[in-house]
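Take a look at the structure set out below.
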2 protein chains.
Amino acid sequence: MEQELKKITREILLGFWKVHILHHASEGPVVGQWMLNELQQHGYRISPGTLYPLLNRMERHGWLRSEVDAGAGLRARKSYYLTDRGRDVLRFLRERVEELRNEINEEARG
Amino acid sequence: MEQELKKITREILLGFWKVHILHHASEGPVVGQWMLNELQQHGYRISPGTLYPLLNRMERHGWLRSEVDAGAGLRARKSYYLTDRGRDVLRFLRERVEELRNEINEEARG
DNA sequence: CTGTTCCATATCGGTAACCGTAATCGATTA
DNA sequence: TAATCGATTACGGTTACCGATATGGAACAG
């Protein structure tokens, strides 16, 4: 069951968490380590080697922008904020999630 | 907007479509080419070089099993069916989708 | 039967993402 | 001034994604 969760994570859940991150960023700043902790508390696991490059990439995509917090060192904490473009992406994804949900969830149709 | 969709697809939508495939397989046989067409009709695009390895992988994971249809050639049409294990995975994913939806969709909470 | 077209899957080579682990760095505490 | 803590970066290996091309059988034309 542990290996199974790992497969599901790689194939599918990671994508869900990206949506989660965008949504989270729409409500307040997002910090890498917080996400690591939050997911772990829910029984999941995302590697730092996955999360941080992912955040960088989302910034490169123009969905997030980052601000270095206090002491401006190379390894200082970064807060990520949703951009306007990121907001558009999130809006789009909300619809896709709703569609998927309606499709696969019986109750949604009853 | 075309490039944007490509990024969103790679990052996130592909994962959604995997759930879609599992759900589809729970209601009847799934054939690769059908999925290619279906997604294209909805304005999306998945490369054959992505879809077919993906189906093979899901079979390797034990989520799907395949049957070669008529003439048993190397390139004959394959129909994929959901396994018991795949059904468990789908059940698990339904809950995750529901959670994600409740989190990001305002209406869901009202 | 041969050739052609159509449906469908497989394969290939390059690029990018994922992952665990180790390194790094500023701030706080001992 | 050494040790720990919070947090990010970097590295090397593995795997996934992708567009394009190759392959293979079926059905139909002639």
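Chain letters run A, B, ... following the sequence lines, proteins first and then strands; every chain starts at 1. In this text, all values refer to a predicted model and were calculated from it rather than measured experimentally.
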Problem - D:dT9 phosphate, OP1 or OP2, under 4.0 Å from A:Lys78 side-chain N/O - result: yes
Practice task
Respond yes when some side-chain nitrogen or oxygen of A:Tyr52 is under 4.0 Å from OP1 or OP2 of D:dT9, and no when none is.
Solution key: no
Practice task
Any pair with a residue in residues 26-55 of chain B that passes ring-ring contact (aromatic ring centres under 6.0 Å, His included), sequence neighbours left out, goes on the list, sorted by first then second residue, please.
Solution key: B:Trp17-B:Tyr44
Practice task
In whole angstrom, give the distance that lies between atom CE of B:Met58 and atom C1' of D:dC17.
Solution key: 14 Å
Exercise for the section: Could you check how far CD1 of B:Ile46 sits from P of D:dA16, rounded to whole Å? Expected result: 14 Å
Exercise for the section: Select base, sugar-phosphate, or nothing to describe what B:Leu14 touches, counting heavy atoms under 4.0 Å on all strands. Expected result: sugar-phosphate
Practice task
When you get a sec, tell me which of D:dG19, C:dC18, D:dA7 is the closest nucleotide to the side chain of A:Gln33?
Solution key: D:dA7
Exercise for the section: Could you work out which one of C:dC19, C:dA17, C:dA10 sits closest to the side chain of B:Pro48? Expected result: C:dA10
Problem - Closest to side chain of B:Lys6, choosing from D:dG19, C:dC19, D:dT9 - result: D:dG19
Completion exercise
B:Leu36 CG to C:dT9 P, in whole Å, measures 8 Å
Practice task
State whether A:Arg85 and A:Asp88 are salt-bridged, where the test is any N-O pair (Lys NZ or Arg NE/NH1/NH2 against Asp/Glu carboxylate O) under 4.0 Å.
Solution key: no
Practice task
Please figure out whether B:Arg60 or A:Asn37 has its closest DNA chain D nucleotide nearer the 5' end.
Solution key: A:Asn37
Practice task
Nearest whole angstrom, please: distance from the P of C:dA17 to the CG of A:Leu55.
Solution key: 13 Å
Exercise for the section: Return no unless some side-chain N or O of A:Arg10 is found under 4.0 Å from OP1 or OP2 of D:dT14. Expected result: no
Practice task
Mind calculating the distance between CG (A:Leu51) and C1' (C:dA17) to the nearest angstrom?
Solution key: 13 Å
Practice task
Using only side-chain N and O atoms of A:Arg57, determine if any of them is under 4.0 Å from OP1 or OP2 of C:dA17.
Solution key: yes
Exercise for the section: Output yes when at least one side-chain N/O atom of B:Ser47 is less than 4.0 Å from OP1 or OP2 of D:dG19, else no. Expected result: yes
Practice task
Would you classify A:Gly49 as touching base, sugar-phosphate or nothing, given that sugar-phosphate means primed atoms plus P, OP1 and OP2, and contacts are heavy atoms under 4.0 Å?
Solution key: base
Problem - Interatomic distance, A:Asp69 CG vs C:dA27 P [rounded to whole Å] - result: 12 Å
Practice task
Name the closest nucleotide to the B:Thr50 side chain, picking from D:dC18, D:dG19, D:dT8.
Solution key: D:dC18
Handout entry: Between C:dA10 (C1') and B:Arg77 (CZ): distance, integer Å
Key = 17 Å
Handout entry: Nearest-neighbour nucleotide for the A:Arg75 side chain, C:dT11, D:dA10, C:dC19 considered
Key = D:dA10
Problem - Distance, rounded to the nearest Å, where B:Tyr80 contributes OH and C:dA8 contributes P - result: 14 Å
Exercise for the section: Determine the contact category for B:Lys18: base if any of its heavy atoms lies under 4.0 Å from a base atom, sugar-phosphate if only primed atoms, P, OP1 or OP2 are that close, otherwise nothing. Expected result: sugar-phosphate
Practice task
Run the salt-bridge test on B:Glu59 and B:Arg65 with the 4.0 Å N-O cut-off and return the result as yes or no.
Solution key: no
Handout entry: Transitive ILVMFWY side-chain link A:Leu51 to A:Leu64, under 4.5 Å
Key = yes
Handout entry: B:Gln40 atom CD, neighbour heavy-atom count above 12 within 6.0 Å
Key = no
Exercise for the section: Would you indicate whether the side-chain heavy atoms of A:Phe16 and B:Val19 approach each other to under 4.5 Å? Expected result: yes
